[in-house]
Each structure stands twice: as structure tokens, then as C-alpha cells.
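First the structure, in the form of C-alpha cells, and then the observations on it.
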Amino acid sequence: MPKSAFVAIAGRPSAGKSTLVNALCGEKVSIVSPTPQTTRNAVRGIVNKPSGQLVLLDTPGFHISEKRLNKRLTAVAVDAFGNADIVLYLIDASRKPGPEEEALALALKGSSIKLVAAINKIDSPIADAAAARAFIAGHFPGAAILEISALQATGLDALLAALYEKAPEGPAWYPEEYYTDQEPVFRIAEIIREKIINHTREELPHAVYVSYEDSHRFEDGSLEASYDLVVERDSQKGILIGKGGSMIKVIREESEADLAKIFDYAVRLRLAVRVDPDWRHDEKKLKDLIY
Ligand SMILES: Nc1nc2c(ncn2[C@@H]2O[C@H](COP(=O)(O)OP(=O)(O)OP(=O)(O)O)[C@@H](O)[C@H]2O)c(=O)[nH]1
Ligand SMILES: [Mg+2]
């Protein structure tokens with residue numbers, strides 16, 4: 001009987017959760033950036049092996065903050081932990097475990113789910129795997145602890161073996177050829193958001209959402225899709241547009257180049273910038289965008 005499990009990935013912002021999901025799936029499932037709080041949704045990546053199927057749930061980083069957006073992100077993550085068969089707890093060896101790591105460990109301890117722990121970024125010159133190991137062993141005595149580099153794809157076979165060992169028997173949830181269940185409209189918006197995050201600094205990456213407006217399919221199979229890059233204030237519009245439209249052009253071109261690798265049809269983007277005043281304070285909007 002093959003195995004089948006939902007595996008939620010838990011970790012602080014920038015621990016490398018999305019990089020790991022992409023490495024395990026062998027495809028760009030989830031967007032990645034050096035800016036914390038990049039992932040905003042429980043994004044599913046699917047691993048298919050002869051021994052069965054793992055549905056990986058990438059989650060927003062677990063972060064302690066009074067800001068509405070951050071609270072919502074953490075709530076989405078905690079919700080995913082509760083809905084999983086296994087939690088894969090990812091700890092960043094290049095950062096000291098502080099109060100936030102303690103809070104995350106406590107949140108995971110409270111639930112009765114199976115846990116596998118992985119120490120990530122062991123390739124980093126400042127990695128302290130021993131400190132991470134001691135922290136995990138202190139909170140989860142007897143837990144399986146793997147050492148990996150999601151970036152360099154090392155230690156992943158042993159990690160998969162540990163996950164399959166814990167997985168219950170059961171039928172696959174998705175057809176074997178699937179590596180994600182995301183709709184194209186969402187994936188395109190995410191790729192655009194990744195380019196925005198990677199080209200802007202400080203508050204702007206957090207102040208933007210990407211909204212699908214409409215699309216048109218041509219006879220040759222290509223797709224033209226319109227998206228709005230939505231900011232909180234008028235003063236932020238200029239940054240995204242750039243001098244003579246230079247920034248929005250780079251965002252569009254880099255996005256289209258990535259999309260050409262993901263889809264087997266050409267995607268042309270029409271991007272515009274607009275303001276949705278203080279959207280991060282709007283509870284209903286946050287629920288629509290972050291789930
Ligand atoms: N050196 C090193 N860097 C890594 C590794 N894994 C991820 N990173 C880097 O860490 C940063 C954050 O990676 P993400 O995968 O976006 O982290 P995340 O946990 O998904 O972050 P959020 O979505 O913000 O919670 C990026 O710059 C990655 O390139 C690793 O194994 N080694
Ligand atoms: Mg992420």
C-alpha cells in the first residue's frame with residue numbers, strides 16, 4: 001500500500017521553507033526572497049515517489065508582531081500545522097534561536113502531530129548546527145533531526161526518507177504528474193510579487209499585493225493577462241513605476257521570463273499600479289488575500 005501525507009513546513013520567516021519546497025518538488029512552486037514574510041499563503045507542493053505521495057504545505061513565516069498583516073500570516077501558518085499529518089519543523093542554523101523560535105516550538109509542542117526536524121542552511125559559514133540541534137532536542141526529545149541545505153539540495157534524500165517513514169498508508173490526493181495545485185492566475189500573481197519584493201526595499205515589499213484584473217487567450221495558445229500592482233499610498237506608486245517606467249518594465253520582463261519556464265504557452269503581462277489606501281488595516285481584505 002503506498003503512503004500519503006500532508007506535511008506542513010513550520011519555521012520562522014526566511015528559514016528557507018519555500019526554497020525547501022521547491023528543492024523537494026524539483027520545480028518552482030513557491031516564491032523565494034531574502035526579505036522575511038515573502039510567503040503569504042499555504043502553498044501546496046507535491047512530491048511523487050514509488051513509495052507514495054507527500055503534499056507539502058509551504059506556510060508563511062511564524063512571526064510575533066502586533067501588526068494585522070503579520071498576525072494573519074501567523075494564523076494561516078498555525079492553521080496549516082493543525083491540518084497536517086506531519087509537521088516538518090525547519091530551523092535556520094545561521095540565526096540564534098531567540099524568543100520567536102521558542103514561541104514556535106511551544107506552538108508545535110501543543111499539538112499532537114508527528115514531527116520531523118530539519119536544520120537548514122548548514123552550508124552557511126556562520127551556521128551553528130550544534131546550537132540548533134540542542135534547541136530542538138531540548139523541546140522535542142527523541143525527534144528525528146536532519147541537517148540540510150535547501151539552497152544546495154544536500155541532505156534531502158535522508159529528509160524524504162524520514163518523512164515517508166512517518167507517513168501513513170493511503171491513496172494519493174493528486175494525480176502523479178502534479179507538482180502543485182495552484183491555479184495559473186495565482187501563480188502568475190506570485191511570480192510578479194517575487195520580482196517586486198526582489199527589486200524594492202524596507203516597507204514596500206510588505207505594502208504591495210498583486211491583483212488579477214483580466215486576461216485574453218489567443219488562437220496560438222498564448223495568454224495576455226492584466227494585473228494591478230497595488231500599494232498603500234500614492235507616494236509608493238512612483239517607486240514601482242520607476243523613472244520613465246523603468247522599474248515596472250523590469251518587473252514585467254523578469255516575470256515573463258520566469259513564466260516562460262513554468263507554462264507551455266507564452267504569457268504576456270500588462271501591469272498597472274494603483275492605490276488601495278491602508279489595505280493592510282482592512283481585516284476583510286487581509287482575509288481575501290491571505291489564506
Ligand atoms: N545559505 C543558505 N541560504 C538559504 C538556504 N535556504 C534558503 N536560503 C535563503 O534564505 C532566504 C529566504 O528563503 P525562503 O525560502 O524565501 O525562506 P522562507 O522560510 O520561505 O521565508 P518566508 O516565506 O518569508 O517565511 C533566501 O535568500 C534563500 O536563498 C540554505 O540552505 N542555505
Ligand atoms: Mg516562504
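Values below: every heavy atom of this structure, side chains too, minus hydrogens, waters and symmetry copies. When a ligand or atom number is given, it counts from 1 through the structure's own listing order. Please read all numbers here as calculations on a predicted model, not as lab measurements.
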Going by atom types only, do His63 and Glu100 share a side-chain donor-acceptor pair under 3.5 Å? yes
Which is it for Asp123 and ligand 1 at heavy atoms under 4.0 Å: side chain, backbone, both or neither? side chain
Identify whether the distance between the nearest side-chain nitrogen and carboxylate oxygen of Glu165 and Lys3 falls below 4.0 Å. no
Does Asp228 come within less than 4.0 Å of Arg274, counting only side-chain N to carboxylate O? yes
With a heavy-atom distance limit of 4.0 Å, tell me whether Gln37 approaches ligand 1 through its side chain, its backbone, both, or neither. backbone
With a 4.0 Å heavy-atom cut-off (strictly under), which part of Asn120 contacts ligand 1: side chain, backbone, both or neither? side chain
Starting from Val76 and following side-chain heavy-atom contacts under 4.5 Å between hydrophobic residues (I, L, V, M, F, W, Y), which residues can be reached? Leu69, Leu73, Tyr209, Val230, Trp279, Leu286, Leu289, Ile290
Should you measure from each heavy atom of Gly61, which atoms of ligand 1 turn up under 4.0 Å away? 25 (O)
Can you confirm, on distance only, whether ligand 1 has an N/O atom lying under 3.5 Å from any N/O atom belonging to Lys17? yes
Apart from Ile46 itself, members of its ILVMFWY cluster (side-chain separation under 4.5 Å) are Phe6, Val55, Leu57, Trp173, Tyr174, Tyr178
Within 45 degrees of the ring normal and closer than 6.0 Å to the centroid, is that where the cationic atom of Arg72 sits relative to Tyr291? no
Short version for Pro36: what comes under 4.0 Å of ligand 1, heavy atoms counted, is backbone
Ligand 1 N/O within reach of Gly16 N/O, cut-off under 3.5 Å: yes
Between Glu213 and Ser211, is any side-chain donor less than 3.5 angstrom from a side-chain acceptor? yes
Ion pair Lys285/Asp276, N-O distance below 4.0 Å: yes
Cation-pi, Phe218 ring and Arg268 (6.0 angstrom, 45 degrees): yes
Return a yes/no value for Ala150: is any of its N or O atoms, backbone included, closer than 3.5 angstrom to an N or O of ligand 1? yes
Would Thr38 count as being in polar contact with ligand 1, using the rule that some N or O on each side must be under 3.5 angstrom apart? yes
Looking only at distances, please establish whether an N/O atom of ligand 1 is found under 3.5 Å from an N/O atom of Gln152. no
Atoms of ligand 1, numbered as shown, that sit under 4.0 Å from any heavy atom of Pro34: 27 (O)
Of the choices Gly11, Ser124, Ser33, Pro60, which has the non-hydrogen atom that lies closest to atom 12 (C) of ligand 1? Ser33
Please report which non-hydrogen protein atom sits nearest to atom 8 (N) of ligand 1, along with the residue it belongs to and the distance in Å to one decimal place. Lys121 CE, 3.7 Å
Is the closest N or O pair between Pro13 and ligand 1 shorter than 3.5 Å? no
Kindly write out the residues that satisfy salt bridge (Lys or Arg N to Asp or Glu O under 4.0 Å) with Lys49, not counting sequence neighbours, or none if the list is empty. none
Rounded distance [0.5 Å steps], CZ in Arg12 versus CG in Leu90: 11.5 Å
Partner of Ser30 under side chain to side chain donor-acceptor pair (under 3.5 Å), picked from Asp58, Thr38, Thr19, Asn41, is Asp58
Suppose the cut-off is 2.8 Å; which protein N/O/S atoms would you list for the Mg ion (ligand 2)? Ser18 OG, Thr39 OG1
